[in-house]
Amino acid sequence: MTQLTRFAGKTVIVTGSSGGIGEGIARRFHDEGANVIINARNADKCAKVASTLDADRTLTVPGDVSSSGFASEIVSAAVERFGGLDVLVNNAGVGGAGMLHKTDDDTIDRIIDINVKGVLYMCRAAIPELRKTGGSITNISSVSGIGGDSLMAVYNASKGAVTNLTRGLALQVGGMGIRVNAINPSITRSDMVGEILDNEEMVQAFMQRVALGRIGEPEDIAGAAAFLASEDAAFITGVNLPVDGGVSASNGQPNFLAHMG
């Protein structure tokens, strides 16, 4: 298969890219020729990912995107090193489950700060640079942002905010030549869902809702992210794209066909 080089000379920030989905996305852009900024709060994990990539096309900027000041720092670092910014992928996020009336303030603040404010801050900091390059933003939301989960009210609220931010921001910056889209994954192999994947009963229950009959892999999300940032998607903006193996199509109904044949 011919190696794609759609992003040669382009610069891409991927937040939360020290593992899981974010690492998969960063590797996909790197493999297609991009300069990639690796970011997460853990500097050692960022460095470990970066050590496996081309040093001339990789920059690590560890830090917390829920800090307004840091969002500006990471964008400035990308522009200083590579001369501009073409793609922002807002992947950094945290999970959280529990009954809302038993959820403390710190937990609510943590989820909203990272999942919502982090995306807002990064978009705000990146827009002036993306305007210069006609770039794009891809937010990693969740199927939990287009539907509900019984024990994840705060997480649902945070991803619902990202889903609707994507629509609104696309309208706001389209005239600047900036496209804004989101990907809505279901359960995808990563540290965030490690506890779920270790529970065979929970995995089997989830699989009854997946038309394609498997758990998502980081590469599944990475392929969609690369497409949305590419010229192949030049007329696509304001879209929330489920990349979930058919979970959204099931509307919560079991996949009875999985028991046939």
Side-chain angles (χ1 to χ4, degrees), residues 4-17 21-40 53-54 56-61 63 65 68 70-93 116-141 162-184 221-241 243:
L4 295 174
T5 55
R6 292 179 291 184
F7 302 103
K10 304 290 188 181
T11 298
V12 182
I13 293 174
V14 185
T15 68
S17 49
I21 290 173
E23 179 182 353
I25 292 172
R27 289 188 181 281
R28 177 60 181 262
F29 279 108
H30 173 272
D31 289 348
E32 290 203 36
N35 307 312
V36 177
I37 289 76
I38 305 296
N39 158 262
L53 304 176
D54 182 345
D56 291 337
R57 294 191 289 115
T58 306
L59 175 67
T60 61
V61 187
V65 297
S68 174
F70 176 72
S72 297
E73 288 177 20
I74 188 172
V75 170
S76 295
V79 173
E80 181 178 353
R81 171 71 181 274
F82 298 116
L85 178 64
D86 299 278
V87 180
L88 168 63
V89 180
N90 284 309
N91 171 74
V116 182
K117 289 184 179 179
V119 175
L120 288 167
Y121 292 154
M122 286 301 303
C123 289
R124 183 176 66 182
I127 284 170
E129 297 300 330
L130 294 173
R131 187 175 190 176
K132 298 174 185 176
T133 60
S136 69
I137 297 170
T138 299
N139 299 319
I140 306 303
S141 184
V162 173
T163 294
N164 219 32
L165 166 66
T166 298
R167 299 186 183 109
L169 191 58
L171 295 172
Q172 186 176 110
V173 301
M176 302 177 188
I178 302 171
R179 297 182 301 106
V180 186
N181 294 293
I183 295 171
N184 299 76
I221 313 305
F227 164 69
L228 287 173
S230 75
E231 288 301 313
D232 291 332
F235 201 55
I236 299 175
T237 195
V239 165
N240 284 275
L241 176 65
V243 182

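All values below were derived from every heavy atom in this structure, side-chain atoms included, with hydrogens, water molecules and symmetry-related copies excluded. On a predicted model such as this, the values are computed, not experimentally measured, just so you know.
Across every non-hydrogen atom of Asn90 and Asn139, the tightest pair is ND2-OD1, 2.9 Å. The two residues Gly9 and Asp86 come nearest to each other via the heavy atoms O-OD2, 4.3 Å. For the residue pair Ser141 and Ala182, the shortest heavy atom distance occurs at CB-CB, 4.5 Å. Looking at every heavy atom in both residues, Ile37 comes nearest to Ser17 through O-OG, 4.0 Å. Taking all atoms of both residues into account, the shortest heavy-atom contact from Gly33 to Arg57 is C-NH1, 3.3 Å. Of all heavy-atom pairs spanning Ala226 and Glu32, the tightest one is CB-OE2, 4.0 Å.
Ser76 contributes atom OG, which lies 15.0 Å from atom CZ of Arg81 (distance to the nearest 0.5 angstrom). Interatomic distance, CD of Glu129 versus OG1 of Thr11, reported as 10.5 Å (0.5 Å rounding). Residue Thr15 holds its OG1 atom at 10.5 Å from CD1 of Ile38, rounded to the nearest 0.5 Å. Residue Thr60 holds its OG1 atom at 10.0 Å from CD1 of Ile74, rounded to the nearest 0.5 Å. Atom CE of Met122 is separated from atom CG of Leu88 by 5.0 Å, given to the nearest 0.5 angstrom. Atom CD1 of residue Ile178 and atom CZ of residue Arg131 lie 7.5 Å apart, to the nearest 0.5 angstrom.
Remark: the backbone N or O of Asp54 is paired with a side-chain donor or acceptor of His30 at under 3.5 angstrom. Thr237 places no side-chain N or O within donor-acceptor distance of the main-chain N or O of Ala170, the cut-off being under 3.5 Å. Between the side chain of Arg179 and the backbone N or O of Leu228 there is at least one donor-acceptor pair closer than 3.5 Å.
Screening Val243, Thr166, Thr163 against Asn184 for a side-chain contact (heavy atoms from CB on, under 4.5 Å) leaves a single residue, Thr163. Residue Asn35 forms a side-chain contact (heavy atoms from CB on, under 4.5 Å) with just one option from Phe29, Phe82, Phe7, and that option is Phe82. Among Val180, Leu169, Val173, the single residue meeting the side-chain contact (heavy atoms from CB on, under 4.5 Å) criterion with Cys123 is Leu169.
Inter-residue side-chain proximity for Asn39 and Phe70 is flagged as met; some heavy-atom pair is nearer than 4.5 Å. Ile25 is listed as a side-chain neighbour of Ile140, based on a closest heavy-atom distance under 4.5 Å. Leu241 is not listed as a side-chain neighbour of Asn181, based on a closest heavy-atom distance of 4.5 Å or more. Looking at Leu130 and Leu85, their side chains come closer than 4.5 Å, going by heavy atoms from C-beta outward.
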